Amino acid sequence: MKIALTLTRAQAKVLASTTFIDCPTFLTREQRVYYSLMSEVSVKATRLYLGFGNKKERKITLKLYEADFLERYLTEVLSLRYTYLDTYETSTLQTIINEINEQLA
């Protein structure tokens with residue numbers, strides 16, 4: 001089973017920039033697995049954003065474990081309340097979380 005998210009170009013940009021992980025430090029096996037999962041999701045989000053043409057919306061399809069991990073990751077990002085997120089980015093991430101949660105339930 002797969003989860004499909006329909007995003008606009010602006011929403012895809014927010015997702016791609018939020019999921020990008022720079023300079024990972026691996027201390028444990030669990031962290032290496034999390035980085036591997038996040039890199040898969042990040043590549044999909046970046047390809048979606050860069051692949052926009054004249055279409056208003058496009059779909060990104062995630063496997064169940066990718067969608068679950070993405071939901072957890074975005075929830076963590078929002079709970080930490082990073083200062084670089086503005087109101088639009090926060091609401092976009094919350095919308096993505098809600099859509100994933102709805103489809104996983």
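Because the structure is a prediction, the values reported are computed rather than measured.
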### Message
Quick one, Gln94 with Ile97, criterion side chain to side chain contact (heavy atoms under 4.5 Å, CB included). Give me CA distance, side-chain angles, the key distance, then yes/no.
### Response
CA-CA 5 Å; Gln94 189 61 54; Ile97 290 169; 4.2 Å; yes
#### Entry: Results of ring pair (Phe, Tyr, Trp, His ring centres under 6.0 Å) for Phe52 - residues two or more places apart only
none
### Message
Looking at every non-hydrogen atom in both residues, tell me the closest pair between Val77 and Thr18 and how far apart they are.
### Response
CG1-CG2, 4.1 Å
### Query
Roughly how far, to the nearest 0.5 Å, is the CD atom of Glu99 from the OG1 atom of Thr95?
8.5 Å
### Message
Quick check: is Val41 connected to Ile21 through a chain of hydrophobic side chains (ILVMFWY, heavy atoms under 4.5 Å apart)?
### Response
yes
### Query
Ignoring hydrogens and geometry, is there a side-chain-to-backbone donor-acceptor pair from Ser91 to Tyr88 under 3.5 Å?
yes
### Task
Indicate yes or no for a side-chain donor-acceptor contact from Ser42 to the backbone of Met38 under 3.5 Å, with no hydrogens or angles considered.
no
### Summary
Residue set satisfying side-chain hydrogen bond (donor to acceptor under 3.5 Å, both in side chains) with Arg47, at least two apart, ordered chain then number -> none
### Message
Any donor-acceptor pair under 3.5 Å linking the side-chain atoms of Glu102 with those of Asn98?
### Response
no
### Message
If hydrophobic clusters are built by linking Ile, Leu, Val, Met, Phe, Trp and Tyr wherever their side-chain heavy atoms come under 4.5 Å apart, do Val43 and Leu74 end up in the same one?
### Response
no
#### Entry: Polar side-chain atom of Glu89 near backbone of Asp86 as donor-acceptor pair, under 3.5 Å
yes
### Query
Once you round to the nearest 0.5 Å, how far does CZ of Arg72 lie from CG of Leu37?
10.5 Å
### Message
Checking Leu85 against Leu78 for the side chain to side chain contact (heavy atoms under 4.5 Å, CB included) test, could you report, in this order, the C-alpha distance in whole Å, the side-chain angles of both residues, the deciding distance, and whether it holds?
### Response
CA-CA 9 Å; Leu85 293 176; Leu78 289 180; 4.3 Å; yes
Anything under 3.5 Å between a donor and an acceptor, one on a side chain of residues 1-15, the other on a protein residue two or more places apart or in another chain? List them.
residue : atom : partner : partner atom : Å
Thr8    : OG1  : Gln11   : N            : 3.3
Thr8    : OG1  : Gln11   : OE1          : 3.4
Arg9    : NH1  : Tyr49   : O            : 3.3
Gln11   : OE1  : Thr8    : N            : 3.0

### Residue list, ring pair (Phe, Tyr, Trp, His ring centres under 6.0 Å) with Phe69, at least two apart or on another chain
Tyr34
#### Entry: All salt bridge (charged side-chain N to carboxylate O under 4.0 Å, His left out) counterparts of Arg32, not counting sequence neighbours
none
Distance-only donor-acceptor pairs under 3.5 Å for side chains of residues 57-67, two or more places apart:
residue : atom : partner : partner atom : Å
Arg58   : NH1  : Gly51   : O            : 2.8
Glu66   : OE1  : Lys44   : NZ           : 2.9
Glu66   : OE1  : Lys63   : N            : 3.0

### Query
Is the side chain of Gln31 donor-acceptor paired with the backbone N or O of Leu27 at a distance under 3.5 Å, no angle test?
yes
